[in-house]
Amino acid sequence: GSAQGYAKHANGGGWVSSKAKVDASVYVGPDAVVNGGTVSGDARIEDFAVVNGGTVGGKAVVRGRALVSGGNMADNAILEDDAWLVSGTLKDDVRVGALSVVVNSTVSGKAQVHGVMWPVDGKKLSGTAQLRGDLENNFTSEISKGIFYGMVNTDMLNNANFGANL
């Protein structure tokens with residue numbers, strides 16, 4: 001079958017809107033949909049993932065039931081599970097999953113965000129920093145290391161008792 005304004009992508013068989021720009025090198029899996037935005041390079045849109053806008057490039061992967069509605073994904077970034085990139089940048093070797101929502105934030109290096117939390121809004125994560133679990137992110141500084149969960153404020157970011165040295 002077909003849907004008006006959509007065509008099956010030659011590499012993977014997923015649906016791509018005529019409003020989206022998707023390179024031939026991109027993999028769009030059979031259950032994935034690209035409604036808008038730009039997908040380029042060796043990027044992969046897998047499983048039941050949806051791209052509504054933004055840019056996905058390099059070797060970035062959107063999988064699970066993840067949603068990209070805006071922002072930029074590059075390098076080897078992974079957006080998975082039920083995570084949502086609203087705006088901002090995921091780059092390098094980052095991994096964002098679970099029910100995480102990223103808004104106007106930069107996640108880089110080997111940083112990870114996996115949780116059921118307030119949106120990661122206006123934050124900078126880099127290095128090996130990890131945000132996990134049920135998180136209230138009340139911090140204002142950039143995080144480049146440590147594993148944090150629960151209520152996190154700026155005073156905790158350098159305190160070993162709260163995961164700063166992990």
Other than [X], what residues sit in its cluster of Ile, Leu, Val, Met, Phe, Trp and Tyr side chains whose heavy atoms are under 4.5 Å apart, directly or through others?
| X | value |
| --- | --- |
| Met156 | Phe162 |
| Leu166 | Ile147 |
| Val61 | Ile78 |

Residue list, side-chain hydrogen bond (donor to acceptor under 3.5 Å, both in side chains) with Thr55, at least two apart or on another chain: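 side-chain hydrogen bond (donor to acceptor under 3.5 Å, both in side chains) check on Thr55 returns Asn72.
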Set of side-chain hydrogen bond (donor to acceptor under 3.5 Å, both in side chains) partners for Glu80, sequence neighbours left out: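 By the side-chain hydrogen bond (donor to acceptor under 3.5 Å, both in side chains) rule, Glu80 matches Arg63, Arg95.
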Nearest-0.5 Å distance, [atom1] of residue [X] to [atom2] of residue [Y]:
| X | Y | atom1 | atom2 | value |
| --- | --- | --- | --- | --- |
| Asp121 | Ser105 | CG | OG | 6.0 Å |
| Leu85 | Leu90 | CG | CG | 4.5 Å |
| Thr154 | Asn159 | OG1 | CG | 13.0 Å |
| Leu131 | Gln112 | CG | CD | 10.0 Å |

Once salt bridge (charged side-chain N to carboxylate O under 4.0 Å, His left out) is applied, do any residues pair with [X], and if so which ones, sequence neighbours excluded?
| X | value |
| --- | --- |
| Asp82 | Arg65 |
| Glu46 | Arg44 |
| Lys19 | none |

Where [X] and [Y] come nearest, the two heavy atoms and their spacing:
| X | Y | value |
| --- | --- | --- |
| Asn165 | Ala160 | ND2-CB, 3.1 Å |
| Ser87 | Asn104 | OG-N, 2.7 Å |
| Lys91 | Thr106 | CE-CG2, 4.4 Å |
| Ala83 | Val96 | CB-O, 3.9 Å |
| Asp47 | Gly64 | OD2-N, 2.9 Å |

Qualifying residue for side-chain contact (heavy atoms from CB on, under 4.5 Å) with Asp155, from Asn158, Asn153, Leu157, Val152: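 The residue from Asn158, Asn153, Leu157, Val152 that satisfies side-chain contact (heavy atoms from CB on, under 4.5 Å) with Asp155 turns out to be Asn153.
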Carboxylate-amine/guanidinium proximity below 4.0 Å for Asp93 and Lys110: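 Yes, this pair counts.
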Verdict with reasoning, Val68 to Leu79, per side chain to side chain contact (heavy atoms under 4.5 Å, CB included): CA-CA 8 Å; Val68 177; Leu79 186 71; 3.6 Å; yes
Non-hydrogen side-chain atoms of Trp15 and Lys8 separated by less than 4.5 Å: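 Yes, side chains in contact.
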Residue pair Ile143 / Lys124, side-chain heavy-atom distance below 4.5 Å: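 Contact flag for Ile143/Lys124 side chains = no.
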Checking [X] now: which residues fulfil side chain to side chain contact (heavy atoms under 4.5 Å, CB included) with it, not counting sequence neighbours?
| X | answer |
| --- | --- |
| Ser144 | Ser126 |
| Lys59 | Asp42, Asn76 |
| Asn137 | Met117, Trp118, Val120, Lys123, Leu135, Phe139 |

Side chain to side chain contact (heavy atoms under 4.5 Å, CB included) between Val113 and Gln130, intermediate numbers included: CA-CA 6 Å; Val113 181; Gln130 294 184 35; over 6 Å; no
All N/O donor-acceptor pairs, side-chain side in residues 25-39, below 3.5 Å, sequence neighbours left out:
{"residue": "Ser25", "atom": "OG", "partner": "Gly41", "partner atom": "O", "Å": "2.4"}
{"residue": "Asn35", "atom": "OD1", "partner": "Tyr6", "partner atom": "OH", "Å": "2.5"}
{"residue": "Asn35", "atom": "ND2", "partner": "Asn52", "partner atom": "OD1", "Å": "2.7"}

Ser100 and Trp84: side chain donor to acceptor below 3.5 Å: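 No.
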